[in-house]
Amino acid sequence: MQLAIRHSGAWIPWAENSPSAKSEHESALRRHVKSTGTDLSSAIRVAERLGGTSFGLGDDRTVTPKSGKTGLARGPVFCDYPTIKEMAMAVEEARSGVVAVLEGPPSIIRVPLAGWAAAVGAVDALTGTPAEPVPDEIRSRFEQLALYGNNGYHRGAGENVQVMVPTIAREIREAGFDDDFIVSYLLAYGLSADDVAGLRKMIG
């Protein structure tokens, strides 16, 4: 996991009517990213599998958890309805660029992305409004969590990690943020999908 957030973000939060407007929302994300002066010719898409042309990007510009591509020029990264694994991959692929996300419906394999949006100040492509950041004191707690998780959240982590991570998570919860928000926020630091279960167990 990284010790700093290295990408910016754009998103469209999930709403119950999102499926009927999915293509329009994909276009809105593209327009927003382009309006920032970002070159879309090197855009890539992270998806569960190859196939389709979401965001106007075909298989030649698509990477999946099972079919990464080497040698692709890296530009903005687009993903729609990402799972935790795909969101983690999008952050990794961004390489200090922009991640543009169409948030999907909550499920076991997805985490609500409000935490990630708050961490990166993601701009809502429909309203132009940036996500509200967490208070500075809580932001510093997240920075500590990222530091303690630099080598992963697992049973073999040092005693200090085993003690401090749950303590910091409890302070964040007391400020009104739930475990989904914590996990989502840490995705901005490059939390891997493999470490999500360990983190949840450690703070739960």
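Bear in mind the structure is a predicted one, so any value in this text is a computation, not a measurement.
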- request: For the residue pair H7 and W116, categorise the inter-ring angle as parallel (less than 30°), tilted (30 to 60°) or perpendicular (more than 60°).
  value: parallel
- prompt: Should the ring pair W14 and Y81 be called parallel, tilted or perpendicular, given that the plane angle runs from 0 to 90° and is split at 30 and 60?
  reply: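 If you compare the ring of W14 with that of Y81, the planes turn out perpendicular.
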Counting N and O atoms only, with roles assigned by atom type, does the side chain of [X] sit under 3.5 Å from a partner on the main chain of [Y], one being a donor and the other an acceptor?
X: T64; Y: A47; result: no
X: R61; Y: S42; result: yes
X: E86; Y: T83; result: yes
X: R141; Y: I168; result: no
X: S35; Y: H32; result: yes
X: D195; Y: G152; result: no

query: Nearest 0.5 Å, what's the CG-CH2 distance between L102 and W11?
result: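 Going from the CG atom of L102 to the CH2 atom of W11 covers 11.0 Å.
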query: Just how far is it from atom OH of Y189 to atom CG of L3, taken to the nearest 0.5 Å?
result: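 Answer rounded to 0.5 Å: 9.0 Å.
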task: Test L57 against I44 for side chain to side chain contact (heavy atoms under 4.5 Å, CB included), laying out the working first.
output: CA-CA 7 Å; L57 302 170; I44 65 171; 5.7 Å; no
field: Evaluation steps, side chain to side chain contact (heavy atoms under 4.5 Å, CB included), between V111 and R200
entry: CA-CA 12 Å; V111 63; R200 286 193 184 275; 3.9 Å; yes
query: Does a donor on one side chain and an acceptor on the other come within less than 3.5 Å for T62 and R45?
result: yes
query: Are side-chain N/O atoms of D39 and S41 paired as donor and acceptor at under 3.5 Å?
result: yes
message: Is any side-chain heavy atom of E103 closer than 4.5 Å to one of I12?
response: no
message: Looking at K22, I'd like to know if its NZ atom is crowded, meaning that more than 12 non-hydrogen atoms belonging to other residues, nucleotides or ligands lie closer than 6.0 Å.
response: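 Check passes, neighbour count above 12.
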